[in-house]
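Before any comments, here is the structure.
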Amino acid sequence: MKLLIKGGTLMDPATGRVNEEDLLINDGKITKTGVNLSDDSAEVLDAAGKLVTPGLIDMHVHLREPGFEAKETILSGALAAARGGFTSVACMPNTNPVADCGAIISYIRGKAREAGKVNIYPIGAITSGSKGVELAEMGDMQKAGAAGFSDDGQPVMSAGLMRRAMQYADMLNMTIISHCEDKSLAGGGAMHEGYMSTVLGLPGIPASAEEVVVARDILLAEETGCRVHIAHVSTAGSVRLVREARARGVQVTAEATPHHFSLTDEAVTGYNTNTKVNPPLRTDIDVAAVRQGLADGTISVIATDHAPHTIEEKDVEYGLAPFGIVGLETAVGLVWTELVATGILTPLEAVAKLTSNPASILGIAKGTLEIGADADITIIDPMATWTVDPEQFASKGRNTPFAGRVLQGLPYATILSGRIVMREGALL
Amino acid sequence: MGLSGKDLVGLQHLAAKEIKLILDNAIPMKGIIQRQIKKVPTLRGRAMVTVFYEASTRTRASFDLAAKYLSADTIGITAATSSVSKGESLRDTARTIAAMGADVVVLRHPMAGAAELLARTVGASVINAGDGAHEHPTQALLDLFTVNEKKGRINGLKVAIIGDILHSRVARSDIWGFSRMGAEVRLAGPATLMPPGVEQMGARVYEKIEDALDGADVVYILRIQRERQQQGLFPGLREYSQLFGINAERLRLAAPDVLVMHPGPINRGVEIAPEVADSLQAVITEQVTNGVAVRMAILYLLVGGGSQHEITY
Amino acid sequence: MIKEKAQILDQEGIRRSLTRIAHEIIERNKGTGNLALIGIRRRGVPLAERLAAKIKEIEGRSVPVGILDITLYRDDLTTLAHQPLVRSTEISFPVSGKKIVLVDDVIYTGRTIRAALDAIIDLGRPKVIQLATLIDRGHRELPIRADYIGKNVPTSRKESILVLLQEIDQKDSVLIYEPAGKTDKPTGDAILGQLIK
């Protein structure tokens, strides 16, 4: 089975190559690139005027299965990923039961194979049940296929436990993904602590709730030598801490979500619960710092923190609504509209943060268009404009604050192992 | 003539001329309360539902009387606080209210934004009787009415609000209301109970309570709750009383004809010394009377007319 | 838009009518004992004050004058496009046992007087309530009549009567006119703006 992608601009951040070439896929692998390729036995996909990139990777999603299938399933999440141009996603372990042992990692991978459409890399829990008391069986989970460890959503509050987790993960040569939040500072907060929380009368989450733990985990990473990835950086202070640490040579990486580089806490006006997210939407100063961090390379990854919830769960008082925003199907549009069209990132830099950079952090052989690589490919139409309509999402979650927004940049086709799984929005 | 919106959710977005309209209409309403026959037929055939997710006999009684003086029918729903945590409760309540055909719903709820959520869901007029730490617009309006009645103006007055601003919906509504009507709003209280960015709302924060009180025309004292001590927000009621309690000595810093106000119920000897609470400057009980008049005016303006909300000429 | 207008009473006419009514009130009530006047907002108020002044001129004794706002008693609130502002009722004397003369500028359907009667009765139990109006234009919808009338003016329902008084309108005059458009009944103040040059 052959597929020939013709007329597009190949963009390979792994090598830095950007050129107008065709690309031939045979048997699930990239076999040839070059000008004016032809192969009579191949299906031809016209990519004229479009970007041909490695399949996009979202290293931070919540697929909710097992346990919360009303919010999302592995299948619906996989479809949402394909729709959004993603060929690989790493799913967080805060399911029920928590993915804290090899058996659950295996279960998720089995479900993922059944679903097809997307490669799924489960992230294992750092502590048993993500309770922050005892280390989870990291070695067992690594054998079962876990791609990293995180207690996302339930931050490890004990510095001592986190230090030992890093020592242990480093022994396994694995990455710790840290959700940085000091619960005693965050309190029962519902949004960023500042003028807007004062006006709205909602309990606030100060920037320090995140920054204290970013600083702690950087120090622990420096001490233990473990690779640490800071999830969903949202404050100017966090960006500065990561920048300084990287300059010192600490093995720390960081990601930012589209909502944190697109929206401020002003969006909470009117108590739209689809703006309730953890970490919360911050101020314009923080958004500018996150954008600067993306531009200067401090933040090397864009991840969505796709967190679907049911309409019933979100259609309540702001303080009672669960945290989370769905992101898989709006990511490309937001990256292009907010970062590329504005000149903050070049198209190649943006693609690197969605492909090769997360691939290297997760240690997976993805994120390149080199000959012989897996034929996971995303074709992006950078000029297409479209309107976000949550009703059209493949995800079960409709909880986006971007409903009605007009965006530029749309995934045109998603190709997984040489097979077209999405084309012009249609899932195949 | 009338209010621009269907609901009264807060003072943040209420124009000065709308505030003035409510205060003007409350004057004749107060006249009705002082009559022998405290009843006018204006809202005959209209129904008001009070939905309280927090206990508040005073506010509820005030709304009830206001509606009854205007001949509206009233019914109260007390939602168990336990049902709030289930989250479904407000949405279901909204459906019930819509089905019952109430003309006006008065909502008291522990979560900020609850009134706005309800207002979006039901066709009836929603009056916010306090939502979390967000707003308590009818309290602020009765405060404005009381000050205007006593001082003949609001513009140019120095209004010092003292205490737990962070958790106070009354403080927020009063900051919006007094600053919009031209008063100079000053705030003082423990730093841990001062919300960030509050100066952007149009008030000035004073580190020393003495500076806030200096020459004040109105001293507005907020209730301090013991549970804030348990949350580690201040060391204790004894120290609070020493640092921020309003006693006769502190009150002397204010203007000689200062008005002492409090949203009630008061903690004697904690945020307010007994001699201050019982002084001639204290207008705390008049605030209660005026509350009924102001709520009558609000009810009249929201549901007393016809379809004025649909007609736009 | 006003099609046509004609003056029914001028300043002198109004003065003569009020003088006659003042005499009738005194005569009917056998003096001023226990008498009180209550003007209905808005234009009943200056009329009541003028009548009180006339009565004082004639009898040498003051009669108390009160002001009644009937907004809260109107039966047409739900049909009005513009919600009226509630104003104060200012009656500083007890109405119980008094001989009350209600004063208004025009009696038409009788509904304003009905509201005024309810409003007064909520204040107490007068011995008697009488009604004085400057103009009676007919078309009653309720069994109500005036005891003292300045001038009877047969009108059609299409026509409107406008009473202008010095205290409010800077001139004394009573006009009859026919609004051109039937659809929206303009407010009194809007018409005034067109009539007073």
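All values below were derived from every heavy atom in this structure, side-chain atoms included, with hydrogens, water molecules and symmetry-related copies excluded. All chains are named by letter (A, B, ...) in the order of the sequence lines, taking the proteins before the strands, and each is independently numbered beginning at 1.
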**Request:** Find the one option among B:Ser71, B:Ala297, B:Pro41 whose heavy-atom pairs under 4.5 Å with chain C are most numerous.
**Result:** B:Pro41
**Message:** With a 3.5 Å distance limit and no angle check, can you tell me whether C:Gln83 reaches the backbone of B:Tyr300 through a side-chain donor-acceptor pair?
**Reply:** yes
**Request:** Heavy atoms only, distances under 4.5 angstrom: which of B:Lys38, B:Arg35, B:Gln36, B:Arg44 has the most pairs with chain C? Name it, please.
**Result:** B:Arg35
**Prompt:** When you look at CZ of C:Arg20, are more than 12 heavy atoms from neighbouring residues, nucleotides or ligands closer to it than 6.0 Å?
**Reply:** yes
Donor-acceptor pairs are to be reported for all side-chain atoms of residues 116-126 of chain C against protein atoms at under 3.5 Å, with residues two or more places apart or in another chain.
| residue | atom | partner | partner atom | Å |
| --- | --- | --- | --- | --- |
| C:Asp118 | OD2 | C:Arg114 | NH1 | 2.5 |
| C:Asp122 | OD2 | C:Tyr73 | OH | 2.7 |

**Asked** For B:Lys39, is it the side chain, the backbone, both or neither that has a heavy atom under 4.5 Å from a heavy atom of chain C?
**Response** backbone
**Complete:** Whatever's closer than 4.5 Å to a heavy atom in chain C on B:Ile32 counts as side chain
**CD1 (B:Ile75) with more than 12 external heavy atoms under 6.0 Å** = no
Donor-acceptor list for residues 130-145 of chain C side chains, cut-off 3.5 Å, not counting sequence neighbours:
| residue | atom | partner | partner atom | Å |
| --- | --- | --- | --- | --- |
| C:Gln130 | OE1 | C:Asn29 | ND2 | 3.1 |
| C:Gln130 | OE1 | C:Tyr148 | OH | 2.6 |
| C:Gln130 | NE2 | C:Asn29 | OD1 | 3.1 |
| C:Thr133 | OG1 | C:Ile135 | O | 3.2 |
| C:Asp136 | OD1 | C:Gly138 | N | 2.9 |
| C:Asp136 | OD1 | C:Arg140 | NH1 | 3.3 |
| C:Asp136 | OD1 | C:Arg140 | NH2 | 3.2 |
| C:Asp136 | OD2 | C:Arg140 | NH2 | 2.9 |
| C:Arg137 | NE | C:Thr155 | OG1 | 3.1 |
| C:Arg137 | NH1 | C:Glu159 | O | 3.3 |
| C:Arg137 | NH2 | C:Thr155 | OG1 | 3.2 |
| C:Arg137 | NH2 | C:Ser156 | O | 3.0 |
| C:Arg137 | NH2 | C:Glu159 | O | 3.0 |
| C:His139 | NE2 | C:Thr155 | O | 2.7 |
| C:Arg140 | NE | C:Ile144 | O | 2.8 |
| C:Arg140 | NH1 | C:Tyr108 | O | 2.9 |
| C:Glu141 | OE1 | C:Arg111 | NE | 2.7 |
| C:Glu141 | OE1 | C:Arg111 | NH2 | 3.2 |
| C:Arg145 | NH1 | C:Asp147 | OD2 | 3.3 |

**Request:** List the steps and the verdict of side chain to side chain contact (heavy atoms under 4.5 Å, CB included) for B:Thr42 and C:Arg74.
**Result:** CA-CA 7 Å; B:Thr42 319; C:Arg74 290 175 71 151; over 6 Å; no
**Fill in**
On a heavy-atom basis, the closest approach of B:Ile27 and C:Ser88 is CG2-OG, 3.7 Å
